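Input: a single structure, listed below in structure tokens.
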Amino acid sequence: MPRRCVTSAAMTEQRPSYDPSTVEKRWQAAWAKERAFCTTGRGEPFYVLEMFPYPSGDLHMGHVRNYTIGDVFARYTRMQGRDVLHPMGWDSLGLPAENQAILEKVAPQVRTPKNIERMKAQMQRLGLAYEWERELATYQPEYYRWNQWFFIKFLERGLVYRRETQVNWCPGCNTVLANEQVKDDFVCWRGHPGVTTRTVPEWAFRITAYAEELLKDLDQLGAWPERIVTQQRNWIGKSTGARVRFEVVGRSDVIEVFTTRVDTIFGCTYVVLAPEHALALKVTTPELRPQVQAFIDKMRQKDRIERTAAGAPKEGVFTGAMAKNPYTGEAVPIWLANFVLADYGTGAVMSVPAHDQRDFEFATLNALPIRPVIYPKDGAALPSPLEAATTDDGIVKGSAQFSDLDSATARDKMAAFAKERGFGEAAITWHLRDWGFSRQRYWGTPIPIIYCDDHGAVPVPEAELPVRLPDFDAIELTGQGGAPLAKLPAFYDSKCPTCGKKARRETETMDTFVDSSWYYARFLSAHDDAVVVSKAEAAKWLPVDVYVGGPEHAVMHLLYFRFWHKVMRDLGLVTSDEPVTRLITQGMVNASAFRCPTHGYVKAAEMREQKEAAHVCPKCGKALVVAVEKMSKSKYNGIDPMDLIETYGADTARLYTLFAAPPEKDLEWNPEGVDGLYRFAGRVHRVLAVHGERVRDAVLPKSQAGLPAADAEVRSALHRTLAKVTDEVGVRNHFNTAIAAMMELVNTLTDHRLHEEACPIGAGVIREVLLTFGQMLCPFAPHLAEELWAGAGGDGLVCHSTWPKADPQAVAKEIITVAIQVNGKLRGQIQVSTSAAAPEVIRAAKSDENVSRHLTGKTVKKEVYVPGRLVNFVVSG
RNA sequence: GCGAGCGUGGCGGAAUUGGCAGACGCGCUGGACUUAGGAUCCAGUGGGCAAAACCCAUGAGGGUUCGAGUCCCUCCGCUCGCACCA
């Protein structure tokens, strides 16, 4: 990227040119000295929050975008007179830090604060308006002790429990693996073969206890992006239907199935259990046991994702056992199949191949009978034989007393019948599962539990919190062999809080989603040792007014923290039902990536400096594939924000990220586009450089009255821009068009030669331009804004000034342009007074030369006048 | 497969309630200033035409309307999310 030099005009005239680094450092120092971004206690509270980062050590462009968007809200709202809370912290526990520690042999306790310091300096260099006094970091015991406190509170309320869960298990590493750590053929990411699934105990939050409320309250989230709400709704996945119990023929066992289509149950021709189902092997007849056992083992080898992927071939095995359909008394075969999930519904389904596509495919594959019982409402016949399942509702046939009912009615009556006879009932099933949060990792919050032989799992008494993580040096961290803390007797040897006998401390740590589920509340009482959050502060600030972050958190973080908020409410800590009123999800930051089909990605920065013809692989000379992709290290298409700031300054970096795309859309990084914003900043600065000294004491015009025509025009343009920017920022949150409006203003200023010494505009108007421009620019380019404000003699800091109000008189137009259409086609434009009435405008329109040409010889059938906009003559002939 | 979103100049994007399509920026073209220009300033820039006028143009096709980028229907393409959820 070329370093831009100063303008020759400024140089020859010995005027200070735009030098962002000097300007920005000056104002950053001033803000720090004044503690400029602290809450004031004056004005209506407004809480702006951005998703806090993992402190990797360096900001990337995604951060810059995220935090700049938040900063615009914070700064603008403060200028509206609100008491703005805008804090920042560090999501500093978790796997990345632990892996880095293993790799570098540096303790995360040492590395993390250094990374934080570095990243914080970068944020300050960007001019972000944070109240650093409230800074928090989740790795600090002062923070994670409240994770432990919450754990105990949740435990008391039955919202934490111990359960058995299926995980991927690598016998080579002797540890649990995430799905993405398991490669094909059951080989782990380190190369060990034989990865299998295993049942292990873990701690889980009973988020499903809040499923109904999490679903219902989505209706309150009108200011959330629709797609996030939809994703949450799908994820929660409420499903209404019925449970029905089938007796196993000749045994006392009962198979319970869940179905949303109980109306089809007379068409049930077999029953399928998940391979993990408790009865799977139990009901199997002795002669079929070897096959069934082999099938179960095979399924156990595969992880859930692979086994249940849509499109995976359906596999199954007959158990030899039969089950009795309680509605018909008919005995149907019991099968096991890969596509039935153990942890959804009851882990068993009734199969109606005529009316369920999966059942249809499975039945076809295994020559099981297909029996239609639902017929089209219009009386049409079903194809025979069926080529696919018919899944629509219809009229029930061949179903005893339920025959001839429509599907919906049949479902109600059949569920009621089951309830009456005691073999079933209406039921609801959720896609949402409880949240397992045990991690066999070191760099996390220790779970405050002590296992006693006599008293079981006993919570650590509150007074003994926090349970601190032992020093890193005390542990041999390898990423293998299960929970690291389980290798440290000094950590786990303890005494039972109940009886004092020798006991063992829990060695698992918590998922880091726990940390981020309530940090927004902790900012309100960041230094309070007595309570996690003070009720008064919570009542004052919550819910968060604007929350800005990436859409990738749609269903994990954003669901967990909604859950946590509701529990905090039930604990009496907060009063609102939802944590965040308004959510802004910003798009990705993309850039061209250059890839050789053989040798992989090539550094984009080097390619950009070459002509297009030279975009060839340096190794083989083949043409490179160019595609716009998300910035990332591995694709060599990233832009380092700090390089950008060094070249252009923080203001230009901010302006570009806001201008190039609206917040919610993906942003394509165009290195040349940045120049345009630098030019804009330079042109604004130039007006100050040329006139600042001269006009800083000038008297501001109070109105349009008495201004020379050119002055009045400039002032009108200024106030129109102000009105536009106020609307775009405050109402529509379209920052790109707000900046475009300011660019238009600069163009107008240039038309009136405000960039020249010999400018005919009066000093008072120029001063008003500089001051107001400074205020409008403040949320976007805050340093340049301060420079304008101070240079034009404004009082104090511009970021503390009150957002100006557009002068209606200056905004109003006396003459407007009205478009004239004939049959909807533009034929002319006329200038009319705003006070002109419709007949007058229409008369003027008809007398326009070009328009009258199109009207002659025609009959005007209709005249449409949209006041102030257009006239349309509908003609014929 | 289901759900959501999006298709507008060479590019990023604008068009707020159905009312002058292409604001603003990039790029490009020409000019001024200049030893120089990758700085700055000025002018131009959707396509057709030398051109006023006119015609065409918002993924494709149809519809509603005085008027459609915007609303409705059908289709095509792209992106994201979920993915055998009984």
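This one's a predicted model, so the numbers in the text were calculated from it and none came from an experiment. The sequence lines fix the lettering, A, B, ..., with proteins before strands; numbering per chain opens at 1. No hydrogens, no waters, no symmetry mates; every other heavy atom, side chains included, goes into these values.
Residue pairs satisfying the ring pair (Phe, Tyr, Trp, His ring centres under 6.0 Å) criterion with at least one member in residues 725-756 of chain A, sequence neighbours excluded, are listed as follows: A:Phe73-A:Phe735. The side-chain hydrogen bond (donor to acceptor under 3.5 Å, both in side chains) pairs that include a residue from residues 254-263 of chain A are A:Arg245-A:Glu256, A:Arg261-A:Asp263, A:Asp263-A:Ser407, A:Asp263-A:Arg411, where partners are two or more places apart or lie in different chains.
One P atom belongs to B:rA53, the other to B:rA36, and the distance between them is 40 Å to the nearest Å. Across B:rA57 and B:rC20, the matching C1' atoms stand 15 Å from one another, rounded to whole Å. The same atom, P, is picked in B:rC82 and in B:rU74; the two are 28 Å apart, to the nearest Å. The gap from the P atom of B:rG10 to that of B:rG46 amounts to 10 Å, rounded to the nearest Å. When the P atom is compared between B:rG1 and B:rU8, the two are found 24 Å apart, to the nearest whole Å. The C1' atoms of B:rU17 and B:rC71 are separated by 12 Å, rounded to the nearest whole Å. To the nearest whole angstrom, the two P atoms, one in B:rG37 and one in B:rG47, are 28 Å apart. Rounded to whole Å, the P atom of B:rU79 lies 25 Å from the corresponding atom of B:rC72.
Close to B:rC24, at under 4.0 Å from its OP1 or OP2, lies no side-chain N or O of A:Asn736. A sub-4.0 Å separation between OP1 or OP2 of B:rC85 and a side-chain N or O of A:Arg358 is present. Checking the phosphate oxygens (OP1, OP2) of B:rC54, a side-chain nitrogen or oxygen of A:Asn850 falls inside 4.0 Å. Regarding contacts with the backbone of B:rA86, every side-chain N or O of A:Arg243 stays at 4.0 angstrom or more from both OP1 and OP2. For the pair A:Arg732 and B:rA15, the criterion of a side-chain N or O lying under 4.0 Å from OP1 or OP2 is met. Between A:Asn747 and B:rG25 there is a side-chain polar atom (N or O) within less than 4.0 angstrom of OP1 or OP2.
Here B:rA86 presents its P atom at 13 Å from NZ of A:Lys238, a figure rounded to the nearest Å. One can place CG of A:Asn590 at 17 Å from P of B:rC11, the figure rounded to the nearest angstrom. What separates CZ of A:Arg233 from P of B:rA4 is a distance of 11 Å, to the nearest Å. One can place CD of A:Glu226 at 9 Å from P of B:rA4, the figure rounded to the nearest angstrom. Here B:rA83 presents its P atom at 18 Å from CZ of A:Phe339, a figure rounded to the nearest Å. Counting to the nearest Å, the P atom of B:rG25 and the CZ atom of A:Arg679 are 10 Å from each other. Between the CE atom of A:Met742 and the P atom of B:rA23 there is a distance of 19 Å, rounded to whole Å. The distance from atom CD of A:Gln231 to atom C1' of B:rU79 is 13 Å, rounded to the nearest whole Å.
Side-chain to base pairing of A:Lys665 with B:rU79: no donor and acceptor N or O lie closer than 3.5 Å to each other.
When the side chain to side chain contact (heavy atoms under 4.5 Å, CB included) test is applied to A:Asn234, the partners found at least two apart in sequence or on another chain are A:Thr230. Partners of A:Ser351 by side chain to side chain donor-acceptor pair (under 3.5 Å), not counting sequence neighbours, listed by chain and number: A:Asp359. By the ring-ring contact (aromatic ring centres under 6.0 Å, His included) test, A:Phe360 is found to be paired with no residue, residues two or more places apart in sequence or in another chain being considered. In this structure, A:Thr748 has no side chain to side chain donor-acceptor pair (under 3.5 Å) partners at least two apart in sequence or on a different chain. A:Pro779 pairs by the side chain to side chain contact (heavy atoms under 4.5 Å, CB included) definition with A:Val72, A:Arg75, A:Tyr76, A:Trp803, not counting sequence neighbours. For A:Thr834, there are no side chain to side chain donor-acceptor pair (under 3.5 Å) partners at least two apart in sequence or on another chain. Under the rule for a side chain to side chain donor-acceptor pair (under 3.5 Å), the partners of A:Asp356 that lie at least two apart in sequence or sit in another chain are A:Arg358.
A:Thr737 and A:Glu728 share a donor-acceptor pair across their side chains, judged by distance under 3.5 Å alone. A side-chain N or O of A:Thr750 and one of A:Arg683 form a donor-acceptor pair less than 3.5 Å apart.
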Protein-nucleotides 55-57 of chain B N/O pairs under 3.5 Å:
from   : atom 1 : to       : atom 2 : distance (Å)
B:rC55 : OP1    : A:Arg827 : NH2    : 3.1
B:rC55 : OP2    : A:Arg827 : NH1    : 3.1
B:rC56 : OP2    : A:Lys825 : NZ     : 3.2

Distances under 3.5 Å only, N/O to N/O: pair up the protein atoms with those of nucleotides 61-67 of chain B.
from   : atom 1 : to       : atom 2 : distance (Å)
B:rC66 : O2'    : A:Asn872 : ND2    : 3.2
B:rC66 : O2     : A:Asn872 : ND2    : 2.6

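Residue-level contact check: A:Lys724 touches the bases, meaning some heavy atom is under 4.0 Å from a base atom. Residue A:Pro662 is in sugar-phosphate contact alone, with no base atom involved, counting any heavy-atom pair closer than 4.0 Å across all strands shown.
Within the 3.5 Å criterion, the main-chain N or O of A:Glu756 finds a donor-acceptor partner in the side chain of A:His691. Side chain of A:Asp651 to backbone of A:Leu784: a donor-acceptor contact under 3.5 angstrom is found.
Take the nearest nucleotide of RNA chain B for A:Thr817 and for A:Asp727: the residue whose nucleotide is more 5' is A:Asp727. Summary of the strand contacts: A:Asn670 and A:Glu728 both lie near RNA chain B, and taking for each the nucleotide with the nearest heavy atom, the more 5' one is attributed to A:Glu728.
Note that the CH2 atom of A:Trp235 and the CE atom of A:Met556 stand 6.5 Å from one another [nearest 0.5 Å].
Listed candidates were B:rA15, B:rC26, B:rG12. Nearest to the side chain of A:Glu668 is B:rG12. Proximity note for A:Arg853 (side chain, C-beta onward) versus B:rG27, B:rA53, B:rC85: the nearest is B:rA53. Of the candidates B:rA15, B:rA86, B:rU40, the closest approach to any side-chain atom of A:Thr737 belongs to B:rA15. Comparing B:rC24, B:rA83, B:rC20 by their nearest atom to the side chain of A:Arg869 picks out B:rC20. Checked against B:rA23, B:rG3, B:rC41, the side chain of A:Glu744 finds its nearest nucleotide in B:rA23. For A:Phe659, whose side chain is taken as the heavy atoms from C-beta onward, the closest listed nucleotide among B:rC85, B:rA15, B:rG12 is B:rG12.
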Could you spell out the base pairing of RNA chain B as a dot-bracket line? Use Watson-Crick and G-U wobble contacts where both distances are under 3.5 Å, [ ] for crossing pairs, | for partners on a different strand. (((((((..(((......[....)))((((((.......))))))(((.....)))..(((((..]....))))))))))))....
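Judged by a 6.0 Å distance limit and a 45° cone about the ring axis, A:Lys314 is positioned over the six-membered ring of A:Phe339.
Base orientation for B:rG69: anti, the chi torsion being more than 90° from 0.
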